[in-house]
Amino acid sequence: QTKIDQDRAERTEKLQGMGCKRKRVEDVRFTQGKGSYVDDLKLPGMLFGDFVRSPHAHARIKSIDTSRAKALPGVVAVLTAADLKPLGLHYMPTLAGDVQAVLAEEKVLFQNQEVAFVIAEDRYIASDATELVDVEYEALPCIVDPFKSMDADAPILREDIQDKMEGAHGPRKHPNHIFEWTIGDKEATDAVFANADVTIKEMLVDHRTHPSPLETCQSVASFDKVKGELTLWGTFQAPHVIRTVVSLISGLPEHKIHVIAPDIGGGFGNKVGAYAGYVCSVVGSIVLGVPVKWVEDRMENLSTTSFARDYHMTTELAATKDGKIQAMRVHVLADHGAFDACADPSKWPAGFMNICTGSYDIPTAHLAVDGVYTNKASGGVAYRCSFRVTEAVFAIERAVELLADKLGMDAAELRIKNFIKPEQFPYKSALGWEYDSGDYHTAMKKAMDTIGYKELREEQAQKREAFKRGETREIMGIGISFFTEIVGAGPAKNCDILGIAMFDSAEIRIHPTGSVIARMGTKSQGQGHETTYAQIIATEIGIPADDIMIEEGNTDTAPYGLGTYGSRSTPVAGAATAVAARKIKAKAQMIAAHMLEVHEGDLEWDVDRFRVKGLPEKFKTMKEIAWAAYNAPPPNMEPGLEAVNYYEPPNMTYPFGAYFCVMDIDVDTGVAKTRRFYALDDCGTRINPMIIEGQVHGGLTEAFACAMGQEIRYDEHGNVMGASFMDFFLPTAVETPNWETDFTVTPSPHHPIGAKGVGESPHVGGVPCFSNAVNDAYAFLGAGHIQMPHDAWRLWTVGQKLGLHT
Ligand code: CDP
């Protein structure tokens with residue numbers, strides 16, 4: 001028996017399948033500088049495009065004179081809205097049902113908005129020529145504060161839709177209003193609040209920031225006039241969607257458009273949408289008949305393509321005296337900038353903000369969201385989160401702390417008291433979601449025991465006394481966050497993009513010699529898909545992961561998919577991979593039965609082979625079966641061994657986690673030091689623990705950035721402040737704290753391998769954890785809620801306001 005077990009263990013290990021810490025295969029090229037990115041592409045005759053951008057946040061364009069730019073040697077063309085208008089391309093549709101100017105026509109609506117596109121022989125000439133385009137502007141009053149957007153005397157921003165009082169998501173209350181979206185039972189919620197023992201209410205701001213991937217957005221368009229075919233390389237998180245959008249807006253048939261997303265240097269939501277640069281490179285190539293490249297610089301990326309957050313959330317909780325939460329009421333004022341270009345599924349103008357009741361059994365809730373236009377860049381993308389779940393988790397996790405404070409209760413205890421209990425799953429939340437699985441109590445207990453929660457609170461109490469006695473200038477904060485994510489968009493009934501249901505796909509092909517190519521509808525931007533999808537297939541069909549090649553990003557070869565964002569790859573394409581593999585396995589079983597001359601039902605699966613039940617020495621390995629599939633399939637069976645699956649998930653998956661942060665803050669300098677950060681994640685079945693750990697490290701680092709300093713700010717004239725890495729906080733190894741990671745495993749009951757997503761959880765849970773640590777540190781001094789970001793200067797001002805400085 002031991003010999004058989006040992007043999008099985010050895011064969012299992014050889015597969016490098018699910019659960020093993022397989023090294024990332026893509027890193028072989030990345031660590032040697034051999035990745036192939038859009039900007040590596042050099043095509044014969046290729047030209048370069050660069051934008052003329054508006055210095056104003058709001059201004060009327062009186063004239064554009066391109067003659068000086070056109071006269072510069074090396075300049076080939078200068079496009080303006082006047083050139084695009086006859087083609088109907090001066091505006092493009094956004095994913096949110098709005099339209100967005102490709103090149104500004106009569107007005108500019110945010111600083112650095114695209115006004116003209118210069119195409120030249122090289123990048124430097126194009127850049128020089130942008131300064132020779134003479135644009136005459138008449139400055140207009142601008143709106144920076146979203147709370148003033150709907151004032152009676154507010155300047156009207158979007159004159160193009162001024163009279164269209166019915167938007168994509170219902171009626172608009174004001175020309176600067178985009179939508180009102182409500183969910184939940186308002187009357188019942190108001191009634192609970194009216195009679196509650198204890199309530200809290202706070203304006204929680206999840207400030208404007210930016211995903212800032214290291215590689216900026218870029219594209220190369222190459223139109224073949226003879227064949228009438230367009231090839232478009234770009235930094236696309238969702239290549240197939242881009243192909244469909246390009247077809248719809250250009251009129252080119254979709255089969256004549258080849259979209260290729262090569263290696264991508266980080267996306268984090270920034271590379272989901274369609275940008276003016278893509279359209280202009282395509283138009284440039286169609287008009288000129290040669291390839292045109294467009295590459296954003298850092299300032300352009302930070303100031304024009306897809307900001308994140310900017311949610312102003314008036315958040316209320318109602319509870320009994322002993323801490324049972326009875327209701328939640330939230331109003332969000334959402335600043336969407338100049339165009340509504342949020343990247344959300346069509347039916348969800350505020351993304352999945354209605355997951356805001358979090359991990360708690362809150363029976364009654366109501367959420368209202370108003371989206372407004374301001375003179376800022378558009379976007380509203382899910383920066384390492386699933387469509388506004390970061391905002392939702394921030395709201396509930398800060399609110400629970402404020403409630404604990406008011407009740408004089410321990411914040412961990414209050415959470416535990418209100419957790420959804422294991423026996424309540426599948427749990428239907430007051431705002432409409434059905435949580436698939438969870439065991440919050442076990443996760444919280446493990447986290448509290450590991451971090452030594454009780455001892456930390458004792459230490460904090462002593463430190464607070466010492467501070468009051470004047471013996472120390474340091475205060476200690478303990479941040480907690482217990483989050484529930486919602487990832488894997490999603491079921492067709494809930495989720496579509498431009499009417500296309502958000503399924504995803506995998507196509508697996510076994511070659512005669514037993515090696516494999518699998519093509520996916522998703523697109524990695526660094527998450528390690530080439531490593532982990534192969535692990536799923538390896539376990540499912542018993543072929544070593546090293547013999548499986550994963551290919552993504554070429555719309556000609558990959559099956560149609562909705563792409564990678566919102567941690568949907570594992571929940572959706574991961575499921576498609578398992579289902580496609582199982583189709584192959586079912587056919588392989590028939591072939592094996594034929595080869596072994598037994599009935600299929602007499603066979604059982606054993607790691608990498610089918611064997612005859614009770615006769616373990618009679619078997620056929622998957623490799624042998626693959627050969628037979630091409631060489632001697634059973635009579636009447638078509639040869640070959642391949643399968644495709646388009647997976648439409650029955651539900652989202654709901655990963656969760658318990659995070660703790662211990663922070664020491666010097667009140668005189670405002671410098672906050674993270675002493676410990678512990679992150680327990682439950683993403684169901686774990687495919688690659690090493691990759692999960694890497695994902696958690698990355699997500700926490702971005703959470704640290706957002707909470708502790710990262711921000712896209714505007715001055716009162718709409719000038720974007722700090723749109724460079726001199727000012728925009730991008731933590732390096734020097735600032736980044738040490739991360740302690742841990743896990744529990746609560747499989748998803750509806751996912752074929754029980755896996756939930758993980759890529760974004762650490763960001764979602766991390767932001768409120770840091771903010772709670774800061775707020776907890778100052779709470780005993782009566783600071784009230786302190787808004788993010790918590791950089792040293794802002795924390796210094798808190799000390800100043802509290803009169804702590806001598
Ligand atoms: O959609 P995206 O790839 O950003 O997110 P994800 O589905 O959460 O996956 C991120 C990475 O973590 C992928 O390489 C997954 O295969 C891996 N992962 C895992 O190993 N086990 C899980 N249960 C979930 C994700």
Side-chain angles (χ1 to χ4, degrees), residues 16-27 211 213 237-238 261 264 266-272 343 381-387 389 436-437 485-490 502 504-506 518 520-539 545 548 550 552-553 561-578 647 649 652-657 681-699 702 741 743-748 751-765:
Q16 298 260 299
M18 280 194 280
C20 104
K21 295 184 179 180
R22 181 176 188 228
K23 287 208 176 117
R24 288 168 44 106
V25 291
E26 42 276 87
D27 287 357
Q237 291 184 231
I264 296 184
F268 317 115
N270 184 222
K271 295 166 178 171
V272 173
V381 299
Y383 170 6
R384 205 167 184 144
C385 74
S386 189
F387 313 115
V389 70
D436 60 347
S437 63
E485 255 256 82
I486 168 169
V487 302
M502 290 180 74
D504 227 292
S505 59
M520 318 292 306
T522 48
K523 174 64 206 166
S524 184
Q525 307 120 46
Q527 295 93 328
H529 290 177
E530 288 168 52
T531 307
T532 49
Y533 285 132
Q535 291 182 259
I536 298 176
I537 299 171
T539 296
I548 302 168
I550 304 295
E552 294 180 309
L562 276 287
T564 291
Y565 41 85
S567 293
R568 64 186 299 280
S569 302
T570 304
V572 193
T577 308
Y647 187 81
M652 312 272 185
T653 67
Y654 296 76
F656 58 93
D681 273 280
D682 192 318
C683 58
T685 306
R686 290 150 54 86
I687 300 160
N688 184 326
M690 183 200 69
I691 284 196
I692 292 174
E693 198 179 348
Q695 292 286 303
V696 174
H697 284 193
E702 285 183 311
T741 60
F743 65 97
T744 54
V745 176
T746 314
S748 165
H751 188 280
I753 56 171
K756 303 179 177 185
V758 78
E760 293 164 339
S761 297
H763 189 75
V764 165

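Both ligands and their constituent atoms are indexed starting at 1 by order of listing. Note that the structure is predicted; figures quoted are calculated from it, not measured.
- Among Ile691, Ile687, Asn688, the single residue meeting the side chain to side chain contact (heavy atoms under 4.5 Å, CB included) criterion with Arg22 is Asn688.
- For the 3.5 Å distance criterion, the side chains of Ser748 and Tyr654 fail to qualify, holding no donor opposite an acceptor.
- Nearest protein neighbour of atom 7 (O) of ligand 1, counting heavy atoms only, is Thr570 OG1, 2.6 Å.
- Considering only non-hydrogen protein atoms, atom 5 (O) of ligand 1 sits nearest to Ser567 CA, 3.5 Å.
- Closest to atom 2 (P) of ligand 1 among all protein heavy atoms lies Ser569 OG, 3.5 Å.
- Nearest residue to atom 23 (N) of ligand 1 from Ile753, Thr685, Ile687, Thr564 is Thr685 (criterion: closest heavy atom).
- Inter-residue side-chain proximity for Asp436 and Lys756 is flagged as met; some heavy-atom pair is nearer than 4.5 Å.
- Residue, atom and distance of the protein heavy atom nearest to atom 8 (O) of ligand 1 are Val758 N, 2.6 Å.
- Using a 4.5 Å heavy-atom threshold, the side chains of Ile550 and Ile537 count as touching.
- The residue Glu760 has no part lying near ligand 1, judged by heavy-atom distances below 4.0 Å.
- Inter-residue side-chain proximity for Thr741 and Asp681 is flagged as unmet; no heavy-atom pair is nearer than 4.5 Å.
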Let me see the working for Arg568 and Leu562 under side-chain contact (heavy atoms from CB on, under 4.5 Å), right down to the final yes or no. CA-CA 9 Å; Arg568 64 186 299 280; Leu562 276 287; 3.6 Å; yes

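- For the residues Lys21, His751, Gln527, Glu485, the heavy atom positioned nearest atom 11 (C) of ligand 1 is part of Gln527.
- Scanning all protein heavy atoms for the shortest distance to atom 20 (O) of ligand 1 gives Asn688 N, 2.9 Å.
- Note on Arg384 versus Glu702: salt bridge recorded, some NZ/NE/NH1/NH2 to OD/OE distance being below 4.0 Å.
- Close contacts of ligand 1 with Gly757, meaning ligand atoms under 4.0 Å from a residue heavy atom, involve 8 (O).
- The shortest side-chain heavy-atom distance between Ser567 and Val758 does not fall under the 4.5 Å cut-off.
- For Ile691, no nitrogen or oxygen atom sits less than 3.5 Å from a nitrogen or oxygen atom of ligand 1, counting backbone and side chain alike.
- Near Ile692, meaning under 4.0 Å from any of its heavy atoms, are these atoms of ligand 1: 19 (C), 20 (O), 21 (N).
- Ring-plane geometry between Phe387 and Tyr565 is classed as perpendicular, the angle between the planes exceeding 60 degrees on a 0 to 90 degree scale with a lower cut at 30.
- Closest to atom 3 (O) of ligand 1 among all protein heavy atoms lies His529 NE2, 2.7 Å.
- For the pair Gly684 and ligand 1, no heavy-atom separation below 4.0 Å is found.
- In this structure, CD1 on Ile753 lies 13.0 Å from CZ on Arg686, to the nearest 0.5 angstrom.
- Between Phe268 and His763, the distance separating the two ring centers is not shorter than 6.0 angstrom.
- Under a 4.0 Å criterion applied to the non-hydrogen atoms of Arg568, ligand 1 contributes the atoms 1 (O).
- The Cys683 neighbourhood of ligand 1 comprises atoms 22 (C), 23 (N), with distances under 4.0 Å to a heavy atom of that residue.
- Atom numbering of ligand 1 starts at 1 in the shown order; those under 4.0 Å from a heavy atom of Thr532 are 13 (C), 14 (O), 15 (C), 16 (O).
- Listed by number with element, the atoms of ligand 1 under 4.0 Å from a non-hydrogen atom of Gln695 are 10 (C), 11 (C), 12 (O).
- Applying the 4.0 Å criterion to heavy atoms of Lys756 picks out, from ligand 1, the atoms 22 (C), 23 (N), 24 (C).
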